[in-house]
Amino acid sequence: MLQRDDDEHEVPFGWHAPFEHIVNAFLAKDFCLLDHRGDRVEPIDPSTAKSIADNIAAYGAPLAALNAATWERSIYRWMDGYWQFLVDLTTDEEEVSDLTLHARLDDAPTARLEVQSVHVP
């Protein structure tokens, strides 16, 4: 159960797999999530996917599968109608980088993660 308060919370274990799925799709260059559909994740529109790919490339270190250490810094927060997730990504050079995946989850029974961006905040 996700909290609805003003605090930042660790991403619950049950949400680790969807984020790992997203990163694995990015590693396969599937930035729209068309070939790596997940039951808890929305496909990403082409313009957002291009921006994500460009930001990952501009970061300067290749993206890698999420390291367990990422969950020590990644958070979510209630935003009055939806939850905002910030997941710090792993690169070949850093277990936890400054490159962050931003995603939204609406407060609805059938809501799916909507990846909004990947950038350095």
Side-chain angles (χ1 to χ4, degrees):
M1 185 73 168
L2 298 172
Q3 301 296 315
R4 289 184 180 95
D5 57 29
D6 292 332
D7 297 329
E8 292 180 350
H9 299 277
E10 291 182 9
V11 176
F13 180 78
W15 284 98
H16 292 192
F19 285 105
E20 290 166 352
H21 179 84
I22 293 165
V23 171
N24 290 337
F26 291 171
L27 290 170
K29 305 297 184 209
D30 181 10
F31 295 101
C32 289
L33 304 179
L34 296 178
D35 297 326
H36 296 82
R37 294 184 187 254
D39 61 343
R40 298 173 82 182
V41 182
E42 286 291 325
I44 300 172
D45 70 80
S47 64
T48 301
K50 181 180 181 333
S51 175
I52 289 169
D54 290 348
N55 287 344
I56 291 171
Y59 187 70
L63 197 62
L66 291 179
N67 185 287
T70 197
W71 303 116
E72 296 170 14
R73 283 191 14 196
S74 299
I75 58 100
Y76 79 92
R77 183 174 179 173
W78 177 246
M79 300 296 288
D80 196 25
Y82 67 93
W83 292 275
Q84 181 72 49
F85 288 83
L86 303 176
V87 177
D88 294 322
L89 300 179
T90 300
T91 68
D92 284 348
E93 299 173 7
E94 303 166 288
E95 288 182 349
V96 182
S97 74
D98 292 332
L99 194 60
T100 304
L101 186 153
H102 298 245
R104 172 186 173 134
L105 179 67
D106 287 331
D107 185 16
T110 60
R112 296 160 42 124
L113 279 174
E114 176 189 335
V115 177
Q116 297 174 306
S117 70
V118 172
H119 66 272
V120 176

Please walk me through it: do Thr100 and Val120 pass side-chain contact (heavy atoms from CB on, under 4.5 Å)? CA-CA 6 Å; Thr100 304; Val120 176; over 6 Å; no
Please check if Leu63 and Val41 belong to a single hydrophobic cluster, counting links between Ile, Leu, Val, Met, Phe, Trp and Tyr side chain heavy atoms closer than 4.5 Å. yes
In short, Cys32 meets Pro46 closest at the heavy-atom pair SG-CA, 3.9 Å
Sequence neighbours left out, what pairs pass side chain to side chain donor-acceptor pair (under 3.5 Å) with at least one residue falling in residues 104-115? Arg4-Asp107, Glu42-Arg112, Arg104-Asp106
Output the distance between atom CD1 (Ile22) and atom CD1 (Ile44), rounded to the nearest 0.5 Å. 6.5 Å
For the pair Phe85 and Phe19, name the ring-plane relationship: parallel under 30°, tilted 30 to 60°, perpendicular over 60°. tilted
Are Arg40 and Leu113 packed together at the side-chain level, in the sense that at least one heavy-atom pair is separated by less than 4.5 angstrom? no
Of all residues at least two apart in sequence or in a different chain, which pass the ring-ring contact (aromatic ring centres under 6.0 Å, His included) check with Tyr59? none
Looking at residues at least two apart in the chain, or sitting in another chain, which of them share a side chain to side chain contact (heavy atoms under 4.5 Å, CB included) with Arg73? Asp88, Val96, Asp98
With sequence neighbours left out, write down each residue that passes side chain to side chain contact (heavy atoms under 4.5 Å, CB included) with Gln84, or none if nothing qualifies. Met79, Tyr82, Leu86, His102, Gln116
Partners passing side chain to side chain donor-acceptor pair (under 3.5 Å) against Asp35 (at least two apart in sequence or in another chain): none
Are Ile52 and Phe26 side-chain neighbours, meaning at least one heavy-atom pair lies under 4.5 Å? yes
For Asp54, salt bridge (charged side-chain N to carboxylate O under 4.0 Å, His left out) partners two or more places apart: Lys50
If you compare all heavy atoms of Glu94 against all heavy atoms of Ser97, which two are closest, and at what distance to 0.1 Å? OE1-CB, 3.2 Å
Quick check against the 3.5 Å criterion: does Ser117 have a side-chain atom that pairs as donor or acceptor with the backbone of His119? no
Can you tell me if Asp30 and His36 form a side-chain donor-acceptor pair at under 3.5 Å? yes
Under the side chain to side chain contact (heavy atoms under 4.5 Å, CB included) test, which residues partner Asn24, sequence neighbours left out? Leu27, Ala65
Apply the hydrophobic cluster definition, ILVMFWY joined by side-chain contacts under 4.5 Å directly or through others, and give me every member besides Leu34. none
Under the side chain to side chain donor-acceptor pair (under 3.5 Å) test, residues paired with Arg77 that sit two or more places apart: none
Find out whether Trp71 and Leu66 are in side-chain contact, i.e. whether some heavy atom of one side chain is under 4.5 Å from a heavy atom of the other. yes
Minimum heavy-atom separation for Pro43 and Leu33, please, with both atom names. CA-CB, 4.2 Å
Count the heavy atoms belonging to other residues, nucleotides or ligands that lie under 6.0 Å from CD of Glu10, then report whether that count exceeds 12. no
For Asp92, which residues count as a side chain to side chain contact (heavy atoms under 4.5 Å, CB included) partner, sequence neighbours excluded? Pro62, Ala64
What I'd like to find out is whether the side chain of Leu105 reaches to under 4.5 Å of the side chain of Leu2, using heavy atoms alone. yes
When you compare the side chain of Thr48 with that of Phe31, does any pair of heavy atoms fall below 4.5 Å? no
With sequence neighbours excluded, what pairs up with His21 under the side chain to side chain donor-acceptor pair (under 3.5 Å) test? none
Just verifying a value: how many Å separate Ser51 OG and Ile56 CD1, rounded to the nearest 0.5 Å? 9.5 Å
Taking ring-ring contact (aromatic ring centres under 6.0 Å, His included) as the test, write out the residues that go with His9, two or more places apart. Tyr76
Quiz question: by atom type and distance under 3.5 Å, do the side chains of Thr70 and Asn67 form a donor-acceptor pair? no
For side-chain contact (heavy atoms from CB on, under 4.5 Å), just list the numbers for Leu99 and Val118, CA-CA rounded to whole Å, side-chain angles, deciding distance to a tenth of an Å, and then say yes or no. CA-CA 7 Å; Leu99 194 60; Val118 172; 3.7 Å; yes
